[in-house]
Amino acid sequence: MIQLQEHEQLCKNDLPVEKSEKYDNLQLIQWDKPMDNSAWGYYASFKIGAEWIDKQEALVVTAKRGMEKIDFLRMFMTCFCSDLAVDSFSKIYSIDQEKPAIVAPALSSVVSPLIVFHFIGVVNRIKSLRKGYVQRQENLKKVKGHTNMLKNERINIAVKRYDRIYCEYADYSVDTPENRLLKKALVFSQRFVAKINRNNVVYSKVNQMVTKALSKFDYVSDDININSIGQIRSNKLYREYAEAMRLAKIILKHFDYSLSNVETTENRVTPFVLDMSLLYEHYVYGLLHEAYREKISYQYPGVTGLPDFLYKSKHFNAIMDTKYIPKYEKGTLDKYVIRQLSGYSRDLTILSKLGYEEIDEDSPTPSVPCIIIYPKEGGDTTNPFKSNKLKDLCTRHLKKISRFYKISISVPTISR
C-alpha cells in the first residue's frame, strides 16, 4: 500500500515515480507541476480517500499536515444546514462498492458517517411518504379483491374451514417496497448513530434527526428481501426519494446487509474519494446560510464564472470565495486568486445580482468588497457569522490591494 498526504508527491524508494499509464486513471493523484519551482510528477491534490492502483496495490491519501484531526462528523452535519439540492452533496464524494475494501486505519472514521449522515439528511427532507398499491394475500372472513382458488382449496376447503376465504387484493398504503427499503436503511443508520461517542457535539443533533426520520415510517415494515433490493426502482421526478433510495442501497451494501457489521470498527474501508475543497465549501455555506439565510446566493452564474457566495444586504454587499489552502493564514494570497475575484467584481451579471442594476460596460465600476475564506485547524469552531455582521468580520486587509479581505474559518477538530 502507498500512503500520501494531500499535496505530497508520489515516490517509491525515495524517488519520484515517472509518468505511467498505471497511475493516469487514478482520482487521488494527477500528473502535475503544482508550483513554478516544483518538478513534474504525480501529486495528491485536494482529495483524500483510498483506491486500488491495480489488483495488488492500493493508494491511500490522508488529510494534509496540520489538518489530521478534522472532525468530519461535525463538518458533515453543518453541510446539511444549507438549502442546497438533495443531490448536491453527492458531488463531494464517490464510493466504489464493486471493489474489495482497503486497509486504511486513518480513514476508517470517514466513509461510514459520510454516507449515513448524507442519507439521514436527505430522508429528513421528505415531507410525506408516497403511497402505492401493495399486493396483499390474507385469509379473510369476507371476499376482498379476488379469491386465490388454489390456496383457498388447500388452506380452507381441505380442512373444512368454510368461514374463511383466501384473498388477494391491492392495498393503497405507505408500506411499499420503496419505503421498506428506506426504513431498513434507517434502522442501520440508527444503529450506527448509537456508536457515536455521546460526548461528541453532533450526537444529540444527529440522534434527533434519525429519530424524526424513523417516526415517518411508523406504518412501514422494515422486512425486505435482500435479493429484491436491486429490483426496486425510483422515480426521478421525486428527487428526494430517488436520492434517498440510492443512498439506502449504498448503506445496506456497505454494511453487507447485516446489523452486526454496523458494530464492528475495522481498519478497512470501501474504496472512496472525498473532495476536501468541495467539502469545505459546503461546510462554509452551511455556516453562512445558518446566519444570513436569503442574503446569501450560492454559485450565482456570471460571465466570468461561479463565485462561491454573493452577499447582498441593505448596507453591505460582497463577493466571497472559499479556498481550502491553510497557508493563507500566514502567507499572501496567490495572484490567480486575486485575479479571479477581481474578474467577478467587474462582471455585470454578478453586479446586477448584488443590486447594481443601472450600470453598463461604460459605467464606473462599483467598489465591491472581495473576501477569501480559508481554513485553519483548531481555534474557535462556533459559527462566527451567526453573531456578527459580515462587514464587521472584514478586518484583515490585503496590503496594497483595494477592498480585499481574508477571513479564516476553522475546521472543527477532534479533541484528544
Side-chain angles (χ1 to χ4, degrees), residues 46 78-79 81-85 88 91 277-376 380 382-410:
F46 294 101
T78 302
C79 290
C81 293
S82 74
D83 61 348
L84 293 181
S88 62
K91 299 174 183 176
S277 180
L278 196 51
L279 174 62
Y280 183 67
E281 180 183 302
H282 278 246
Y283 172 70
V284 171
Y285 183 45
L287 299 176
L288 287 167
H289 184 267
E290 183 183 29
Y292 303 135
R293 298 290 174 177
E294 68 281 350
K295 295 178 182 178
I296 295 292
S297 299
Y298 177 69
Q299 291 197 339
Y300 187 79
V303 176
T304 54
L306 299 166
D308 288 340
F309 316 112
L310 300 180
Y311 176 88
K312 179 185 177 183
S313 68
K314 188 174 182 180
H315 301 292
F316 186 73
N317 299 322
I319 298 170
M320 296 180 282
D321 226 44
T322 55
K323 299 296 179 186
Y324 184 65
I325 306 177
K327 72 175 184 179
Y328 286 165
E329 175 65 20
K330 297 180 180 179
T332 58
L333 297 183
D334 293 303
K335 290 181 180 178
Y336 79 88
V337 173
I338 298 172
R339 295 190 188 107
Q340 181 185 28
L341 268 75
S342 296
Y344 295 153
S345 69
R346 288 175 174 266
D347 188 320
L348 295 183
T349 303
I350 291 173
L351 292 175
S352 176
K353 177 66 176 178
L354 289 173
Y356 304 98
E357 297 176 350
E358 297 181 2
I359 60 173
D360 58 26
E361 290 82 352
D362 295 321
S363 300
T365 305
S367 180
V368 182
C370 296
I371 303 169
I372 290 295
I373 300 173
Y374 65 91
K376 66 177 181 179
D380 186 5
T382 57
N383 187 348
F385 303 116
K386 198 170 182 180
S387 55
N388 293 285
K389 295 179 180 179
L390 183 60
K391 182 178 181 179
D392 295 338
L393 295 173
C394 296
T395 58
R396 299 180 64 186
H397 300 76
L398 264 65
K399 292 182 179 179
K400 298 184 179 181
I401 299 180
S402 174
R403 305 202 79 183
F404 257 80
Y405 306 93
K406 297 194 301 184
I407 297 178
S408 63
I409 298 298
S410 298

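Side-chain contact check for Lys386 versus Glu290: some heavy-atom pair is nearer than 4.5 Å. Between Tyr324 and Leu278, the closest side-chain pair of non-hydrogen atoms is not below 4.5 Å. Taking the side chain as every heavy atom from C-beta outward, Cys370 and Tyr344 never approach each other to under 4.5 Å. Proximity of Lys376 to Ser410: side-chain heavy atoms (C-beta onward) are separated by under 4.5 Å at one or more points. Side chains of Leu310 and Ile319 form a contact here, defined as non-hydrogen atoms less than 4.5 Å apart.
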Quiz: residues 298-305 side-chain donor-acceptor pairs under 3.5 angstrom, not counting sequence neighbours:
| unit_1 | atom_1 | unit_2 | atom_2 | d |
| --- | --- | --- | --- | --- |
| Tyr298 | OH | Glu281 | OE2 | 2.3 |
| Gln299 | NE2 | Glu281 | OE2 | 3.1 |
| Thr304 | OG1 | Asp347 | OD2 | 2.9 |

Pairs under 3.5 angstrom only: tabulate donor-acceptor contacts from the side chains of residues 389-398 to other protein residues two or more places apart or in another chain.
| unit_1 | atom_1 | unit_2 | atom_2 | d |
| --- | --- | --- | --- | --- |
| Arg396 | NH1 | Tyr374 | OH | 2.5 |
| Arg396 | NH2 | Glu329 | O | 3.2 |

* Asked: So Met320 and Val284, side chain to side chain contact (heavy atoms under 4.5 Å, CB included) or not? Walk me through it.
  -> CA-CA 11 Å; Met320 296 180 282; Val284 171; over 6 Å; no
* To do: Assess whether side chain to side chain contact (heavy atoms under 4.5 Å, CB included) is satisfied between Asp334 and Tyr328, documenting all intermediate values.
  => CA-CA 9 Å; Asp334 293 303; Tyr328 286 165; 2.6 Å; yes
* Would you check, one step at a time, whether the test side chain to side chain contact (heavy atoms under 4.5 Å, CB included) holds for Glu358 with Ser363? => CA-CA 9 Å; Glu358 297 181 2; Ser363 300; over 6 Å; no
* Asked: Going through the checks in order, is the side chain to side chain contact (heavy atoms under 4.5 Å, CB included) test met by Thr332 and Lys399?
  -> CA-CA 9 Å; Thr332 58; Lys399 292 182 179 179; over 6 Å; no
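For the ring-ring contact (aromatic ring centres under 6.0 Å, His included) test, no residue two or more places apart in sequence or in another chain qualifies with Tyr283. Not counting sequence neighbours, the partners of Phe46 by the ring-ring contact (aromatic ring centres under 6.0 Å, His included) test are His7. Scored by the salt bridge (Lys or Arg N to Asp or Glu O under 4.0 Å) test, Lys406 finds no partners at all (sequence neighbours excluded). In this structure Tyr311 satisfies the ring-ring contact (aromatic ring centres under 6.0 Å, His included) test together with Tyr292, sequence neighbours excluded.
For the atom pair Ser345 OG and Phe404 CZ, the distance stands at 6.5 Å (nearest 0.5 Å). Here the straight-line distance linking atom CG of Asn383 with atom NE2 of His289 works out to 12.0 Å at 0.5 Å rounding. Rounding to the nearest 0.5 angstrom, the gap separating the CG atom in Asp360 from the CG atom in Leu351 is 11.5 Å. Atom CD1 in Ile371 sits 9.5 Å away from atom CG in Leu341 (nearest 0.5 Å). Between Phe385 atom CZ and Ile373 atom CD1 the span is 4.0 Å, to the nearest 0.5 Å. Interatomic distance, Asp308 CG to Tyr285 OH, rounded to the nearest 0.5 Å: 11.5 Å.
Among all heavy-atom pairs drawn from Ser313 and Lys295, the shortest one is CB-CD, 4.2 Å. Across Lys323 and Pro375, no two heavy atoms sit closer than the pair O-CD, 3.2 Å. A pairwise comparison of heavy atoms in Ala318 and Val368 identifies CA-CG1, 4.1 Å as the closest pair. In this structure, Lys312 and Asn317 approach most closely via the heavy-atom pair CA-OD1, 3.3 Å.
A distance-only check finds no donor-acceptor pair linking the side chain of Asp321 to the backbone of Pro307 [under 3.5 Å].
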